[in-house]
Number of protein chains: 2
Amino acid sequence: MSAAFMPCNALGRRLARYAPLDETDLRAIERLCAVPRHRVPPRREFLREGDRPGAVQVLLEGWAQRLVLLPDGRRQITGFALPGDVLWRPSGAMRLDFSVIALTPAMIVPINAGAWDQIASESSGMALALARQERVAEAIERRWLVNLGQRTAFERLGHLFCELCHRLDTIGMVTRSDQSQSFAFPVTQVELAEATGLSPVHVNRVLREMRSEGLIRLEQRTLHLLKRQALAQRTLFDPAYLEP
Amino acid sequence: MSAAFMPCNALGRRLARYAPLDETDLRAIERLCAVPRHRVPPRREFLREGDRPGAVQVLLEGWAQRLVLLPDGRRQITGFALPGDVLWRPSGAMRLDFSVIALTPAMIVPINAGAWDQIASESSGMALALARQERVAEAIERRWLVNLGQRTAFERLGHLFCELCHRLDTIGMVTRSDQSQSFAFPVTQVELAEATGLSPVHVNRVLREMRSEGLIRLEQRTLHLLKRQALAQRTLFDPAYLEP
DNA sequence: CGATGATTTGATAAGCATCAATAACCGTGG
DNA sequence: CCACGGTTATTGATGCTTATCAAATCATCG
């Protein structure tokens, strides 16, 4: 496709996956991102439920988690954001209905909402790419909902691993070796529990089970999917919803 | 607000809630909907996972459910759609990642995607209303996810009832009498189970519990919330995420 | 009024949470 | 280099929530 241009930031790389973008589009993305960026240390909450950010918030580097906090302290992670993901699009002065917390050192760029909309309206390629990215983001949340509602603990975790591997693969963050694929995985077991609606203890047990079956290896903050095919099969992972 | 114009269809009524619309906007909505509509009988699946509808699909009358079906037969309802809700916006030729099934006799209108986008780009009021409606729809799904991940069976069902009551209230489909509010409720206990990730048997038990506490009455396909305040409190329902 | 689907109830088992305690790991400073 | 405190991971024991299976009752409607 547009590999010739080698877009320099994660947003460009991501959008180019959803629709063919020409050189003008990629330069427009560059201009959008040519504003002061925020560096965020790991575990810092940098967007807060109730905030009304005026700009589009894009994650350029690192991982982040969306979190909903209940008044009694229960926590639900509703999604993991990866480089190139849009964290929030303001509409009028709507309040955020979730918080966002960095999982690694992260870089955020606040993009002027008017400029964002204008670029979408001037290039049909950009409009399509942005719309598709939104649809995929919605599909990911819907799948997560299916996980929580219908799947066993084993399936929830395995499905999550497969999904993350797939998403990371499309932005070149997965290393292949033999049958196995591996990637940096900055998520603790407690956070996995908050994401999957399980207790940390049970997450640990299921991970041990996966390990003992030779499906995964998780060490040094690196996750190895040793038999991705088998894992995808056992967890009913079908990547159709991730593809435009 | 714009009560003076009395928009005649559900889409107009809904959008007017999210941003002030002028007479031109409301007439534009009317024109959009002035195309052949589809009548759908209850329990008919009228959009199918994998389809690539070319038009924006809007529910004008009746209730519908979004459903994700797993290969082994497990079913998860990921949302209930009410009159005025957008069921799907096409982006390129993206595939639906869920099915939609009518719960009551329903009326669907397929709106030309180009005309939809154009109207949004010509009126800032419409653009805002549409964007806000999308944000709210996303927030509803996120809340549902929190329900499945963190809440007890009692909370899941009660929260769902409060949410539906709130949404129905904004389109005038709730009857108030004394402290209680009631509305037509075309959802079976099996479907409630598929929506909340519980078994039908357990849904039944929890409903009985709510009834015995005098919180609800559910009969003749009508749901009465007898003490909505109490129910909202016990189920940690906070309508902030539903409001623009 | 029989037939079909929806709701209700009981009994049992599985899955997962909870509590408690220990072990490994990691960055920090002595 | 080692000691140290905090975070993260691991394991065992126990019990609650909820699923599952089976069957009876209740509605609804042609």
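Note that these values count all heavy atoms, side chains included, but never hydrogens, waters or copies made by symmetry. Here is the naming used below: chain letters follow the sequence lines, and residue numbers restart at 1 for every chain.
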Trainee: Does Asp72(A) reach the main-chain N or O of Arg74(A) with its side chain, forming a donor-acceptor pair under 3.5 Å?
Mentor: yes

Trainee: Is Arg143(A) paired with Glu49(B) through a side-chain N to carboxylate O contact shorter than 4.0 Å?
Mentor: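 Yes, this pair counts.
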
Trainee: Determine to 10° how strongly the helix from dC1(C)-dG30(D) to dG30(C)-dC1(D) is bent, judged from the axes of its five-pair ends.
Mentor: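 Inter-axis angle at the ends, rounded: 40°.
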
Trainee: Do Leu226(A) and Ile216(A) come within less than 4.5 Å of each other through their side chains, counting heavy atoms only?
Mentor: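 No. Closest side-chain heavy atoms not under 4.5 Å.
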
Trainee: Calculate the interatomic distance between Asn147(B) atom CG and dT18(D) atom C1'; express it in whole Å.
Mentor: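 Asn147(B) atom CG is separated from dT18(D) atom C1' by 17 Å.
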
Trainee: Please list, for nucleotides 28-30 of chain D, all pairs of protein and nucleotide N/O atoms separated by less than 3.5 Å.
Mentor:
none

Trainee: Residues in side-chain contact (heavy atoms from CB on, under 4.5 Å) with Ala230(B), at least two apart?
Mentor: Leu215(B), Lys227(B)

Trainee: Any side-chain heavy atom of His166(A) within less than 4.5 Å of one from Glu243(A)?
Mentor: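 Yes - at least one pair of side-chain heavy atoms lies under 4.5 Å apart.
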
Trainee: Mind checking salt bridge (Lys or Arg N to Asp or Glu O under 4.0 Å) for Arg89(B) and listing every partner two or more places apart, or none if nothing turns up?
Mentor: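 Expected list: Asp117(B), Glu134(B).
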
Trainee: So do the side chains of Leu218(B) and His224(B) get within less than 4.5 Å of each other, counting heavy atoms only?
Mentor: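 No - every pair of side-chain heavy atoms lies 4.5 Å or more apart.
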
Trainee: Tell me the interatomic distance from Leu223(A), atom CG, to dT8(D), atom P, rounded to whole angstroms.
Mentor: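 Distance, rounded to whole Å: 18 Å.
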
Trainee: Nearest-Å distance, CD (Glu219(B)) to C1' (dC26(D))?
Mentor: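 Interatomic distance, CD of Glu219(B) to C1' of dC26(D): 14 Å.
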
Trainee: With sequence neighbours excluded, what pairs up with Ala81(A) under the side-chain contact (heavy atoms from CB on, under 4.5 Å) test?
Mentor: Leu59(A), Ala64(A), Asp85(A), Leu87(A)

Trainee: So what does Arg221(B) hit on the nucleic acid, given a heavy-atom distance under 4.0 Å: a base, only sugar-phosphate, or nothing?
Mentor: sugar-phosphate

Trainee: Side chains of Leu207(B) and Gln189(B): closer than 4.5 Å at any heavy-atom pair?
Mentor: yes

Trainee: Does the cation-pi check pass for Arg142(A) over Tyr241(A), that is, NZ or CZ under 6.0 Å from the six-membered ring centre and within 45° of its axis?
Mentor: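 Judged by the rule, Arg142(A) and Tyr241(A) form no cation-pi pair.
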
Trainee: Within the 4.0 Å limit for protein heavy atoms, which parts of nucleotides 8-22 of chain C are touched? Write it as a string from 5' to 3', B for base, S for sugar-phosphate only, - for none.
Mentor: BBBB----SSBB---

